[in-house]
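Heads up: the structure comes next, in structure tokens.
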Protein chains: 2
Amino acid sequence: MSLRFGILGLLSEWEASGYDIKKEFDDLMSIFWHSHLSQIYPELNKLEKENLIRSKLIPQEGKPDKIIYTITESGKKELIKWLLAPTETPKLKDVFLMQTFFMDNISVEEVLFKLNAYKKERTQRVVKMKQIMSERLKSIKERDVMKARILMSSVVLKRGYEQELQYIKWCEDTIQLVESCKFLWEKSEGNRAPIVPFSAVEELFMNYFSDILEEEEKEIN
Amino acid sequence: MSLRFGILGLLSEWEASGYDIKKEFDDLMSIFWHSHLSQIYPELNKLEKENLIRSKLIPQEGKPDKIIYTITESGKKELIKWLLAPTETPKLKDVFLMQTFFMDNISVEEVLFKLNAYKKERTQRVVKMKQIMSERLKSIKERDVMKARILMSSVVLKRGYEQELQYIKWCEDTIQLVESCKFLWEKSEGNRAPIVPFSAVEELFMNYFSDILEEEEKEIN
DNA sequence: CGTGACATGTAAATCGTTACATGATTTC
DNA sequence: GAAATCATGTAACGATTTACATGTCACG
């Protein structure tokens with residue numbers, strides 16, 4: 001349901017081909033959505049049948065011809081209707097957190113390896129995002145033009161970036177905690193886990209949670 | 001592909017029925033996954049056919065009979081194989097960020113309304129999570145037993161919680177920024193947006209980005 | 001006597017991914 | 001000569017959601 005609005009949103013600013021749209025999804029918009037060409041092309045055809053967009057064939061030399069789409073009045077109305085509709089809180093999906101949840105099934109060394117590897121992957125992502133952000137910032141400064149669209153795309157970029165940074169920090173903190181709780185993975189005779197009282201890790205545990213427990217004082221409303 | 005491992009992971013600790021599994025998905029595990037009963041039941045049957053889990057019928061009085069599943073050796077092996085496999089960095093989907101990206105199409109008042117409403121919804125979620133967390137913490141303290149599984153579920157909870165807090169803070173910061181950039185939504189004659197030089201918002205803009213720009217100094221690796 | 005929790009499913013529809021199909025041009 | 005980019009699609013499969021179907025018991 002959201003893909004169509006991603007397309008309509010894009011076409012509300014520029015006209016574009018399916019191939020162009022895919023590139024936007026892979027670039028800036030990758031922070032909040034992604035899609036395959038094999039889903040974009042049929043969706044464009046559907047949108048045109050519903051009169052929300054219109055196409056024109058552009059012959060090209062040296063490259064294959066392309067089909068450029070523009071948004072219609074009715075399409076813009078649909079987009080605005082969607083923008084004003086209340087957003088349901090999203091149901092999260094995070095495969096790495098799921099793996100983490102069940103990591104008592106593998107050895108501590110493997111846990112630490114996984115956490116480090118994932119941190120590395122996230123770091124690579126944040127480096128790429130940083131590049132996108134500084135390039136954008138530079139081009140905004142150069143063109144010296146500010147618009148609502150530029151503002152809103154920038155705040156979205158910020159959200160994506162800070163999300164990454166925080167995930168990396170979480171990896172670091174968690175690696176530290178696991179490192180100091182290694183003994184929880186030890187197996188005594190009979191392949192049974194040793195019984196460890198909570199008090200043995202209470203300080204470490206509370207320290208790890210300190211930044212969110214401090215929030216307790218701040219009022220939430 | 002992940003649902004099956006969510007089920008196997010759960011069954012690696014306790015035996016459970018489809019109905020029990022659904023409740024876990026709705027509770028703690030909702031931070032990283034969710035699923036409908038209509039998907040869980042067929043998946044359980046598939047897993048049993050593949051010999052990864054085994055079922056037994058438990059007759060009950062006063063309640064309908066239920067089918068309890070236990071994990072097999074082969075199931076546990078599959079789970080561990082998955083836990084050790086490298087995790088692809090997830091492709092994010094966030095409908096609210098997508099809406100935000102295109103909010104130049106609605107009025108500032110509507111933008112601010114949407115941001116406030118979403119902040120409220122996220123806040124409700126964080127309140128619920130807080131309850132879950134303090135209940136868990138209390139019960140861990142009372143039972144005075146620490147295990148790797150408890151540690152790992154706690155770190156996942158923390159991730160979910162801090163993610164929510166940060167989203168709320170982003171809403172607040174963004175509301176402030178939009179508030180001070182209201183004029184970007186103004187329309188002059190001919191329904192055209194006024195041309196605003198970047199310098200007019202540079203200070204606000206840079207201030208909004210300050211926390212992530214400061215990270216520039218810290219080295220990432 | 002209605003609602004919600006308990007309990008297990010099937011069917012249909014939609015959404016998303018991977019594989020297949022085609023063909024031109026540019027760059028290494 | 002191989003790989004990447006440009007350009008548009010179809011087909012098959014897999015994952016997910018929504019609707020349908022059935023029945024018991026507890027609580028107010």
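Just so you know, these numbers use all the heavy atoms, side chains as well, and skip hydrogens, waters and symmetry mates. Throughout, a chain's letter reflects where its sequence line sits, starting with A, and its residues are numbered from 1.
- Of the candidate nucleotides C/dG9, D/dG9, C/dT8, C/dG9 has the atom lying nearest to any side-chain atom of B/Asn45.
- Close to D/dT16, at under 4.0 Å from its OP1 or OP2, lies a side-chain N or O of A/Lys93.
- The interatomic distance linking B/Leu44 (CG) with C/dT10 (C1') rounds to 15 Å, in whole Å.
- Remark on DNA chain D: of its neighbouring residues A/Pro64 and A/Ser38, the 5'-side contact belongs to A/Pro64, judged by nearest-heavy-atom nucleotide.
- B/Asp26 pairs with exactly one of B/Glu24, B/Lys23, B/Met29, B/Lys22 by the side chain to side chain contact (heavy atoms under 4.5 Å, CB included) rule, that one being B/Lys22.
- Look at B/His36 and you'll find a side-chain N or O under 4.0 angstrom from OP1 or OP2 of D/dT17.
- Taking the six-membered ring for Trp and the full ring otherwise, the centers of B/Phe205 and B/Phe198 sit less than 6.0 Å from each other.
- Here the CZ-CG distance, from B/Phe5 to B/Leu47, works out to 9.0 Å after rounding to the nearest 0.5 Å.
- Counting any heavy atom pair closer than 4.0 Å across all strands shown, A/Leu37 reaches a base atom.
- Taking only side-chain atoms of A/Gln39, from C-beta outward, the nucleotide of D/dT5, D/dT16, C/dC15 with the closest atom is C/dC15.
- Rounding to whole angstrom units, CD1 of residue A/Ile7 and P of C/dC15 are separated by 12 Å.
- At distances below 3.5 Å, not a single donor-acceptor pair connects side-chain atoms of B/Trp33 with backbone N or O atoms of A/Leu97.
- Atom CG in B/Leu3 sits roughly 16 Å away from atom C1' in C/dC15 (whole-Å rounding).
- Using a 4.0 Å cut-off, no side-chain N or O of B/Gln60 falls inside it from OP1 or OP2 of C/dC6.
- Side-chain proximity of B/Met1 to the nucleotides C/dA7, C/dC15, D/dA15 is greatest for D/dA15.
- When the C1' atom of D/dC6 is taken as reference, atom CD1 of A/Ile40 falls 15 Å away, rounded to whole Å.
- Here the P atom of nucleotide C/dT25 and the CG atom of A/Asp65 are 12 Å apart, to the nearest Å.
- For the pair A/Tyr19 OH and C/dT25 P, the computed distance is 16 Å after rounding to whole Å.
- A donor-acceptor contact under 3.5 Å is not formed by the side chain of B/Ser35 with the base of D/dT16.
- With the nearest nucleotide of DNA chain C identified for both A/Lys63 and A/His34, A/His34 has the one nearer the 5' end.
- Computed from coordinates, the B/Asp26 CG to D/dT17 P distance equals 12 Å when rounded to whole Å.
- Here D/dC6 presents its P atom at 15 Å from CD1 of A/Ile21, a figure rounded to the nearest Å.
- B/Tyr118 and B/Tyr167 have their aromatic ring centers within a separation under 6.0 angstrom.
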